[in-house]
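Just so we're on the same page: letters track the sequence lines, and every chain starts at 1.
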2 protein chains.
Amino acid sequence: MSTKTTLKGIAEHLNLSISTVSKALADSPEISDSTKLLVKTAARQLKYRPNAMARGLKSSRTNTLGVVIPNIMHNFFAKVIVGMEEEATKNGYSLVTCISNESLEKEKQSLHMLSDVSVDAIIISLTSETQETNEIEHLKDILHYDIPLVMFDRANSDLACDSVVINDYKGAYDAAAYLLKTGCRNIAFLSTLNNTSVGNKRLSGYQAALSDYDNTLVPKVVYTKLTSLENDLGTFIENNDIDGLITTDESSAIYSMNTLRIKGKQVPEDVSVIGFTDGNLARNYFPSVTTVKQQAEIMGKKAVQIALKNLNNKDQHEPVQEIIETELVIRNSTKTI
Amino acid sequence: MSTKTTLKGIAEHLNLSISTVSKALADSPEISDSTKLLVKTAARQLKYRPNAMARGLKSSRTNTLGVVIPNIMHNFFAKVIVGMEEEATKNGYSLVTCISNESLEKEKQSLHMLSDVSVDAIIISLTSETQETNEIEHLKDILHYDIPLVMFDRANSDLACDSVVINDYKGAYDAAAYLLKTGCRNIAFLSTLNNTSVGNKRLSGYQAALSDYDNTLVPKVVYTKLTSLENDLGTFIENNDIDGLITTDESSAIYSMNTLRIKGKQVPEDVSVIGFTDGNLARNYFPSVTTVKQQAEIMGKKAVQIALKNLNNKDQHEPVQEIIETELVIRNSTKTI
DNA sequence: ATGAAAGCGCTAACAG
DNA sequence: CTGTTAGCGCTTTCAT
């Protein structure tokens, strides 16, 4: 093992003091240009790389951001991570990623761990369990330790911290409005997001669109899980004659279309389908799926930007909520106008 | 801000010395049971959490693993990360994740950054650019600094470090053999992995299966990218009469099936299709796609296990290559036997 | 059984 | 302009 060069190493090599070397590398005005040059060349030769831990110990800054997400297999979250990673790297930060796997317990552990390794800020999307139970002590602890916290997508309004969310209400509203415009009148709403902030907002948007259009229309809601979707939707279809369906995520849209096919319904001729999350599945299914596109990468970048801002300016401020608008991507699972 | 409690805080609180507190918390036999109890209760009361940086500075261990992957949007890599995260957490380690985005330059930066933050080991899957150019100096640097390195999936055999890979040869061989068994005789191989170790091994497996079966069969290979797949495969089909197709990833399989449909070919009646990577797309497309399943989560776990083993036992050893077998998941994009 | 002190690598106040 | 020194929070050797 060739031991790593430290400031001391360079200092000895050049017969200078450690602090001179430190200042030279930091481009301090106290140091003459000639020795700066000397030091910098030596540093390069000796492949000097500052020890982030030592520096962090001194400055209590680590240039790392903690991220905790419920599920990385979900296209939306993966995309958010891409956006975060890009923005973080651009600003000299790196990401410590934790996957809470929709478990409150794991979320708590992750937060502990992140605070242990002294990340400069934490960015989190809450687990469904956290949102259902509304248990937020562990999040308050983070704020209490003065670690900047920003929530994204699945936020909690009882918490005094910044957040960045999709305009879920309007996304669902637009989807329903579009279906109405194309002639659908019996539009159902299939949700795998029971008890989450996101799910509730989408439901409201859907309901509002129906009643704004014609207040005799009755909303029909199917709560389900991916694992039981085929059964739940199947029996629902047998008892309800629908011509439109909005689902709260990408996989649900696909599963629903498969179920519809099995039940002898054509998409979009018999029933139009709109999903959320614009991923590979929606784009490449047959027929391709009309989708409410959440600007995942933008969301990730914004979250990092807010975190960095908070971290550089630690005075109190009213929590701000950044709202990102969705976009309805029209494809072939819906009738044309 | 309520300032974090440190050993000093506890020590003052109890009128003990810092070192006594430190030892008590570490369960040192030097300390009496009574004071141990005292210290531990105080620690809990004051919500003491050790500072990982300070500890790391002393022990030059950070309990973090660096991971660099080419693309997190790819189902396979996302799954690998899930496996890694699980195994790492189980062992008290956390993951610093970098996305190289298939760029050699970004890969180098990531490695630098990871070495800067003193991760205890690095786990990497190489970018296609790295594999094409065979530039591995940056990887050698890591080994040179004695940071345990383990490569997964896309490995480089010129590098003296452990790796864990899929049995790509056999995966492709089995896929081709299955198509042959179901009666296909004009099987093409469509690759988006030109110049990668993985792509080459799959190609060999495919070729071997053909010649083992009947050495008059001629392999037909289409190199393409996702962005131009439709064109490339389209013209290929016009000039070649195929009844079977093996693609090197999940999206390619889907795109290919769309292309085949456009060209008036039925799947699987006219041509059978087999893809790699068993994700949502393959499972839920219509028809569902017969797939070579790579055990992604297992791979992630194995990689972490190897990294941890190396890190706890730093003597030299011959590089070991762990090979994970694939599994052919038979669905509806292939004819039955 | 407990404490004092050195030192991990770095920064920054202070002295020269 | 350069060097000395103290200290970030912790572990660990060496007294007591």
Side-chain angles (χ1 to χ4, degrees), chain A residues 1-40 42-43 46-64 92 115-120 145-146, chain B residues 1-40 42-43 46-64 92 115-120 145-146:
Chain A
M1 153 167 210
S2 85
T3 169
K4 266 203 154 197
T5 31
T6 66
L7 286 186
K8 194 171 158 202
I10 303 178
E12 281 168 0
H13 183 76
L14 295 175
N15 261 315
L16 285 172
S17 79
I18 294 179
S19 57
T20 304
V21 174
S22 170
K23 288 173 190 164
L25 289 173
D27 252 327
S28 157
E30 290 182 12
I31 305 294
S32 74
D33 286 350
S34 56
T35 50
K36 271 187 195 172
L37 187 66
L38 218 62
V39 169
K40 286 181 179 173
L46 302 174
K47 296 194 182 184
Y48 170 72
R49 306 231 102 214
N51 179 322
M53 266 188 303
R55 184 179 283 175
L57 186 53
K58 189 92 238 219
S59 65
S60 58
R61 281 248 190 143
T62 53
N63 281 283
T64 58
S115 119
D116 285 354
V117 300
S118 308
V119 293
D120 293 342
Y145 283 132
D146 221 30
Chain B
M1 152 166 210
S2 84
T3 168
K4 269 202 150 194
T5 30
T6 66
L7 285 188
K8 195 174 159 198
I10 303 178
E12 282 167 1
H13 183 76
L14 296 175
N15 262 315
L16 287 171
S17 78
I18 294 179
S19 52
T20 304
V21 175
S22 171
K23 287 172 191 164
L25 289 173
D27 253 328
S28 157
E30 291 182 12
I31 305 294
S32 74
D33 285 350
S34 56
T35 51
K36 270 186 194 172
L37 187 66
L38 219 63
V39 169
K40 284 181 180 172
L46 301 174
K47 296 192 183 185
Y48 170 73
R49 306 230 102 214
N51 181 319
M53 266 187 303
R55 185 177 283 176
L57 186 53
K58 191 89 236 213
S59 66
S60 58
R61 280 252 189 140
T62 54
N63 280 280
T64 58
S115 120
D116 285 355
V117 301
S118 308
V119 292
D120 292 342
Y145 283 131
D146 220 30

List, with names and distances, any nitrogen or oxygen atoms from the protein found under 3.5 Å away from nitrogen or oxygen atoms belonging to nucleotides 13-16 of chain C.
from: C:dA13; atom 1: N6; to: A:Lys23; atom 2: NZ; distance (Å): 3.2

How is B:Ser32 classified with respect to the nucleic acid when contacts are heavy atoms under 4.0 Å: base, sugar-phosphate, or nothing? sugar-phosphate
Can you pull out how bent the helix from C:dA1-D:dT16 to C:dG16-D:dC1 is, comparing the axes over its first five and last five pairs, to 10°? 50°
Mind checking the OG-CD1 spacing from B:Ser22 to B:Ile10? Nearest 0.5 Å is all I need. 10.0 Å
Under 4.0 Å, heavy atoms only, any strand: does A:Thr35 hit a base, just the sugar-phosphate, or nothing? sugar-phosphate
How close or far is atom C1' of C:dC10 from atom CD1 of A:Ile10, stated in whole angstroms? 12 Å
Grab the CG-C1' distance between B:Leu14 and C:dA1 for me, whole Å please. 16 Å
Atom pair CG/OG1 of B:Leu14 and B:Thr35 - distance to nearest 0.5 Å: 9.5 Å
Taking only the side-chain nitrogens and oxygens of A:Ser22, find out if one of them lies under 4.0 Å from OP1 or OP2 of C:dT11. yes
In whole Å, I'd like the distance from the CD1 atom of B:Ile18 to the C1' atom of D:dG9. 8 Å
Tell me: CG of B:Asn51 to P of D:dG7, nearest whole Å? 18 Å
Between atom CZ in B:Arg61 and atom P in D:dG9, what is the gap in whole Å? 24 Å
Report the residue from A:Leu7, A:Val21, A:Thr20 that forms a side-chain contact (heavy atoms from CB on, under 4.5 Å) with A:Val39. A:Val21
Does A:Ser59 use its side chain to pair, donor to acceptor, with the backbone of A:Arg55 at less than 3.5 Å? yes
Carefully, step by step, assess A:Arg49 and B:Asp116 under the rule salt bridge (Lys or Arg N to Asp or Glu O under 4.0 Å). CA-CA 7 Å; A:Arg49 306 231 102 214; B:Asp116 285 355; 2.7 Å; yes
Evaluate the side-chain proximity of A:Thr62 to A:Val117: yes if any heavy-atom separation is below 4.5 Å, no if none is. no
Whole angstroms only, please: what is the CG-P distance between A:Asp116 and D:dC10? 11 Å
Spell out, as yes or no, whether a donor-acceptor pair under 3.5 Å connects the side chain of B:Lys36 to the backbone of B:Ser28. yes
Does B:Thr20 place a side-chain N or O at less than 4.0 Å from the phosphate oxygens OP1/OP2 of C:dG3? yes
Please round to the nearest 0.5 Å and tell me the distance separating atom CG of B:Leu25 and atom CD1 of B:Ile31. 10.0 Å
For nucleotides 6-8 of chain C, list the nitrogen or oxygen atoms of the protein found under 3.5 Å from its nitrogen or oxygen atoms, one pair per line.
from: C:dG7; atom 1: N2; to: B:Lys58; atom 2: NZ; distance (Å): 2.8
from: C:dG7; atom 1: N3; to: B:Lys58; atom 2: NZ; distance (Å): 3.2

d(CG, A:Leu37; P, D:dT2) in whole Å: 13 Å
Charged N to carboxylate O under 4.0 angstrom, B:Lys40 versus B:Asp27? yes
Measuring from atom CG of A:Asn63 to atom OG of A:Ser118, what distance do you get when rounded to the nearest 0.5 angstrom? 12.5 Å
Kindly compute the distance separating NZ (B:Lys47) from OH (A:Tyr145), expressed to the nearest 0.5 Å. 5.5 Å
Is the distance from OP1 or OP2 of D:dG9 to the nearest side-chain N or O of B:Arg55 less than 4.0 Å? no
Answer with base, sugar-phosphate or nothing: what part of the nucleic acid does A:Thr6 contact at a heavy-atom distance below 4.0 Å? sugar-phosphate
B:Lys4 side chain reached by A:Asp146 side chain, heavy atoms, under 4.5 Å: no
Taking the side chain of A:Ile31 as its heavy atoms from C-beta onward, which of C:dC10, D:dG9, D:dT2 lies nearest to it? D:dT2
Considering only heavy side-chain atoms of A:Leu7, the closest of D:dG3, D:dC10, C:dC10 is C:dC10
What is the distance, to the nearest angstrom, from the CG atom on A:Leu25 to the P atom on C:dT11? 8 Å
